[in-house]
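This is a predicted model, so every value here is computed, not measured. Atom set for the values below is all heavy atoms of this structure, side chains included, hydrogens, waters and symmetry mates excluded. Just so we're on the same page: letters track the sequence lines, and every chain starts at 1.
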Amino acid sequence: MAVRLCDVASLLRSGSWAAEPWTGQVIAAMETQLSNGPTCNNTSNGPSTISNNCSSPVESGSIEDSKTNLIVNYLPQNMTQEELKSLFGSIGEIESCKLVRDKITAALLGHGASPGTLTDLHLSLQVSYARPSSASIRDANLYVSGLPKTMTQKELEQLFSQYGRIITSRILVDQVTGVSRGVGFIRFDRRIEAEEAIKGLNCQKPPGATEPITVKFANNPSQKTSQALLSQLYQSPNRRYPGPLAQQAQRFRLDNLLNMAYGVKSRFSPMAIDGVTSLAGINIPGHAGTGWCIFVYNLAPDADESILWQMFGPFGAVTNVKVIRDFNTSKCKGFGFVTMTNYDEAAVAIASLNGYRLGDRVLQVSFKTNKTHKA
DNA sequence: TTGAATT
């Protein structure tokens with residue numbers, strides 16, 4: 001029955017259930033079969049399980065099952081179950097096939113934000129053995145921050161491998177520069193291994209490091225997806241019915257905006273800046289690779305994220321807002337950050353909101369710079 | 001008066 005699918009599975013790196021990127025015949029088949037399908041620019045991905053001899057991927061646990069049960073990550077958000085089935089069905093008979101979606105947002109679950117269309121799948125599709133689910137392997141995923149920027153994935157694994165068998169590891173990097181963000185993930189085979197790693201490594205300095213790292217259990221990847229998608233729901237009414245600030249902003253001419261944002265001596269123009277945003281290592285205030293980061297100062301102690309969404313949303317695409325709080329009191333430390341996708345919308349927001357009176361406070365709004373309070 | 005980071 002499932003002979004050919006087993007053959008495909010055997011092409012996967014054996015000896016480990018760890019997720020390994022694989023681009024082989026399946027991807028070629030997918031391009032052939034799906035290139036006429038709809039395309040989109042959605043970021044993301046999502047895991048699905050494909051099995052040819054096990055009715056439910058979440059039950060059972062034999063080694064045999066594990067070799068015919070696959071998990072597929074980095075699928076495009078608009079992929080249908082039929083397309084997935086068609087894709088793998090061209091290789092062998094499929095017993096069952098399931099797209100796993102977020103209960104609230106219906107977004108495909110899984111890891112990775114990987115822009116792509118159906119024809120770009122070879123850039124991001126990942127096919128791995130699905131490990132049999134059980135209590136002992138659940139919640140074995142760790143989030144690690146404060147890593148030295150020079151630490152490699154291999155070194156990260158070396159550091160954690162003393163506590164158990166590592167299933168996957170990752171270090172997040174800046175999309176533009178490729179430099180480590182000092183944040184990573186380690187998934188252990190078993191939860192008890194992860195617990196031991198927390199005990200042993202949290203607040204410890206890795207060899208040669210000057211700062212201690214933070215090690216804790218990772219959030220579920222779907223949580224952020226839900227957050228981002230839901231926040232867009234809040235944004236859209238404002239964009240359809242712009243408030244007074246947005247209307248005011250639209251009166252500004254584009255050629256004035258840079259002067260307002262950068263000062264009259266700026267030699268940049270919007271076109272020039274758009275032209276260089278793809279280059280690495282260029283020092284443009286506020287530009288972080290994924291958007292334009294805006295610094296908002298003089299927020300009240302009880303300010304929260306929603307006020308930032310409300311203020312900036314009407315000006316355009318806002319991908320992230322953050323109120324910086326004191327760890328102990330949870331009160332706002334007086335400032336926050338907003339990330340906007342498009343330069344011109346960010347510039348209008350800054351021009352309009354800088355000096356804006358919020359309650360009894362006058363806000364200062366600008367592109368974020370690299371100031372630090374030390375030295 | 002310029003963080004945290006969640007694939």
When rounded to whole Å, the CG to C1' distance for the pair Leu147(A) and dT7(B) reads 14 Å
For the pair made of CZ in Phe217(A) and C1' in dA5(B), what is the distance, rounded to whole Å?
19 Å
Taking the side chain of Ala218(A) as its heavy atoms from C-beta onward, which of dT6(B), dT1(B), dT2(B) lies nearest to it?
dT6(B)
Is Phe335(A) touching bases, backbone alone, or none of the nucleic acid, heavy atoms closer than 4.0 Å?
sugar-phosphate
Counting side-chain heavy atoms from C-beta on, which of dT7(B), dA4(B), dT2(B) comes nearest to Phe295(A)?
dT2(B)
Please report, rounded to the nearest Å, how far the P atom of dA5(B) is from the CG atom of Asp174(A).
17 Å
Identify which nucleotide among dT7(B), dT1(B), dG3(B) has an atom closest to any side-chain atom of Leu172(A), counting heavy atoms from C-beta outward.
dT7(B)
Over how many whole Å does the gap from Ile294(A) atom CD1 to dA4(B) atom P extend?
19 Å
The side chain of Arg170(A) is closest to which nucleotide in this list: dA5(B), dT6(B), dT7(B)?
dT7(B)
Below 30° counts as parallel, above 60° as perpendicular, anything between as tilted: where do the rings of Phe295(A) and Phe335(A) land?
tilted
Just the rounded figure in Å: distance from C1' of dT6(B) to CZ of Arg187(A).
12 Å
Please report the distance, rounded to the nearest Å, between CD1 in Ile167(A) and P in dT7(B).
20 Å
Quick test of your reading of the model: are Lys85(A) and Glu82(A) salt-bridged, counting only N-O distances below 4.0 Å?
no
Can you figure out which of dT6(B), dT1(B), dG3(B) approaches the side chain of Asn219(A) most closely?
dT6(B)
Considering all heavy atoms, the nearest Ser180(A)-Pro148(A) contact
OG-O, 4.4 Å
Among dA5(B), dT2(B), dT1(B), the one nearest Arg181(A) by side-chain distance
dA5(B)
Across all chains, not counting sequence neighbours, the side-chain hydrogen bond (donor to acceptor under 3.5 Å, both in side chains) partners of Ser169(A) are Gln153(A), Glu157(A)
When the distance from CD1 of Ile186(A) to C1' of dT6(B) is rounded to whole Å, what number comes out?
14 Å
Side chain of Lys149(A), heavy atoms from C-beta onward: which of dA5(B), dT7(B), dT1(B) has the nearest atom to it?
dA5(B)
Here the ring-ring contact (aromatic ring centres under 6.0 Å, His included) pairs for residues 170-210 of chain A, sequence neighbours left out, are Tyr143(A)-Phe185(A)
d(CZ, Phe185(A); C1', dA4(B)) in whole Å:
12 Å
Kindly point out which of dT1(B), dT2(B), dT6(B) is positioned nearest to the side chain of Gln364(A)?
dT1(B)
